[in-house]
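Since the structure comes first, as structure tokens, the remarks are kept for the end.
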Protein chains: 2
Amino acid sequence: MSGAYNSDDKILVAIDCIIFGFDKESLKILLIKRDFEPQKGHWSLMGGFLKKNETLDQAANRTLLSLTGVQDIYMEQLYAFSEVDRDPVERTLSVSYYALINIEDHNEKLTKKYNAQWFDIADAPSLIFDHDLMLQKAIRRLRRRTAIKPVGFDLLPEKFTMRQLQKLYEAILDKEVDKRNFINKINSLDILIKLNEKDMTSSTKGSFLYKFSQEKYDDKLKNNFYIKL
Amino acid sequence: MSGAYNSDDKILVAIDCIIFGFDKESLKILLIKRDFEPQKGHWSLMGGFLKKNETLDQAANRTLLSLTGVQDIYMEQLYAFSEVDRDPVERTLSVSYYALINIEDHNEKLTKKYNAQWFDIADAPSLIFDHDLMLQKAIRRLRRRTAIKPVGFDLLPEKFTMRQLQKLYEAILDKEVDKRNFINKINSLDILIKLNEKDMTSSTKGSFLYKFSQEKYDDKLKNNFYIKL
DNA sequence: TCAAAAGTGTTGCGTTTACACCCATGT
DNA sequence: ACATGGGTGTAAACGCAACACTTTTGA
């Protein structure tokens, strides 16, 4: 029974990427207008097919690179979607990934060269196939991840202010947090480096810039590190 | 480019199930001696192949039923493993699932009719392919799940004592907890029903039996329910 | 009467939350 | 001078962790 390697049951394996970005106020996802049938012209996640000689992680990175020109960003496998008729053309299994990117670093290429577009997660259009499901699952996962890993930093520029970080967490968790409590919490984690520079664009007084310290974080990892807001 | 539905890249999709059980003292997994090549005779997770006309969930349930006679148990998709050479015979993607079953309810069938065997997770043999990896991931996931869902009850008989529940949590989390604190915690969750029966097998005094209340739990779900030990 | 497991509360400590005012600067 | 966002500390409430003795009953 289970010993059968039966070629009849071979199927296509797709990968679809939920790409999160952040632009000072809200959490966004990157979508493209699908340029082939079926559902040509509808909004879709970035997707592609797994090739025979690559892993899923490789396929996800390759797809992302080819569709957006972006590479070396945080990506994580999410879930395998397998409804028999999820793709009307052909039986396809899709493994979804989610990725976090810093919009500023990549924006021009994305929206010009490729016809991709950022949408606020609150008002994203409805997506093809089961992509809405994938998106919902990705958001839940991202929310949970923030409690375990300092994952948000991938969504910010290298240097950022406390307020930006706070806004990011508020956007991800979809709730407001008290500014003093937030700063106390983050400082107690001791994973940031306070720079001697200020960002003068947001206020007359200017606000200090910070950056994430991988070294400090690695130290903390040994002792059950977690962030809870 | 990504529009290509290219048949050359069709591959087999396997599913492998990590089946957890609990026998009063320790957390166990169910393994079988593989009865076909490659690696015939080595210990393996329960596995099978996805058929063209079924979902992964269905395939996982079908496989479990056919290999163990067990059905209607808690199962959850874990992760898709995709190393190109993970199966030496043929390019295969494997989506792993983990399941929780109550050993007492199913034991005879499992170990007699099928040549399956329970192993303490602490001294399981090494497994074929990437199954050890799958097992590690499943254990981590199960540990984390206990904090979010009262998932452990699937591993116990319908009626159980507080001490059994405590031992289960200790086995899953691999740490000892204080009995009074544990009971206080569980009681404060208010998801159990205390029965007017005692289990007289474990002591002369006897200990009260409890059962899980789905209704109470569903009520709690509305307000960010979680268990932390 | 003794052995073995069941059952039961309190206190201290640390973490989380709520909350309000002054500061620096450009206009 | 004033408007705007930046920056700072404290007190109360709560949740978690540590801790020891009495009860029951079969052997």
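So you know, we letter chains A, B, ... as the sequences are listed, proteins then strands, and number each from 1.
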Let's see if you can work this out: which of C:dT17, D:dG7, D:dA20 has an atom nearest to the side-chain heavy atoms of A:N181?
C:dT17
Here's a test of your reading of the structure: between A:K194 and B:K228, which maps to the more 5' nucleotide of DNA chain D?
A:K194
Considering heavy-atom distances to DNA chain C, does A:G206 or A:K179 have its closest nucleotide positioned more toward the 5' end?
A:K179
Spacing of A:L229 atom CG relative to C:dT16 atom C1', expressed in whole Å
11 Å
Exam field: side chain A:D130 to backbone A:L133, donor-acceptor pair closer than 3.5 Å:
no
Look at the side chain of A:I183 and decide which nucleotide, out of C:dG9, C:dA6, D:dT8, has an atom nearest to it.
D:dT8
Tell me: CZ of B:F160 to P of C:dA6, nearest whole Å?
15 Å
Between A:K24 and A:E104 (salt bridge meaning N to carboxylate O under 4.0 Å), is one present in this structure?
yes
Output the rounded distance in Å from CZ (A:F225) to C1' (C:dT15).
16 Å
Among the nucleotides D:dG5, D:dC19, C:dA6, whichever has the atom closest to the side chain of B:S207 is C:dA6
B:K198 NZ to C:dA5 C1', straight-line distance once rounded to whole Å
11 Å
In whole angstroms, the gap separating C1' of C:dA24 from CG of A:D199 amounts to 15 Å
A cation-pi test, strictly: NZ or CZ of B:K220 under 6.0 Å from the centre of the six-membered ring of B:F225 and no more than 45 degrees from its axis. Yes or no?
no
Check this one for me: any side-chain N or O of A:K185 less than 4.0 Å away from OP1 or OP2 of C:dT16?
yes
Atom CZ of B:R163 and atom P of C:dG7 are separated, to the nearest Å, by 9 Å
Nearest heavy atom decides the nucleotide; on that basis, is B:F208 or A:T204 closer to the 5' end of DNA chain C?
B:F208
Can you find a donor-acceptor N/O pair under 3.5 angstrom joining the side chain of B:K205 to the base of C:dA6?
yes
Classify A:S203 by what it touches in the nucleic acid, base, sugar-phosphate, or nothing, heavy-atom distance under 4.0 Å.
sugar-phosphate
Rounded to whole Å, please give me the gap between CD in A:Q166 and C1' in D:dG5.
12 Å
Salt bridge check: are A:K211 and A:E197 linked by an N-O gap of less than 4.0 Å?
no
Return yes if some donor-acceptor pair links the side-chain N/O of A:R145 with the main-chain N/O of A:V151 below 3.5 Å, else return no.
no
When the distance from CD of A:E176 to P of C:dT16 is rounded to whole Å, what number comes out?
20 Å
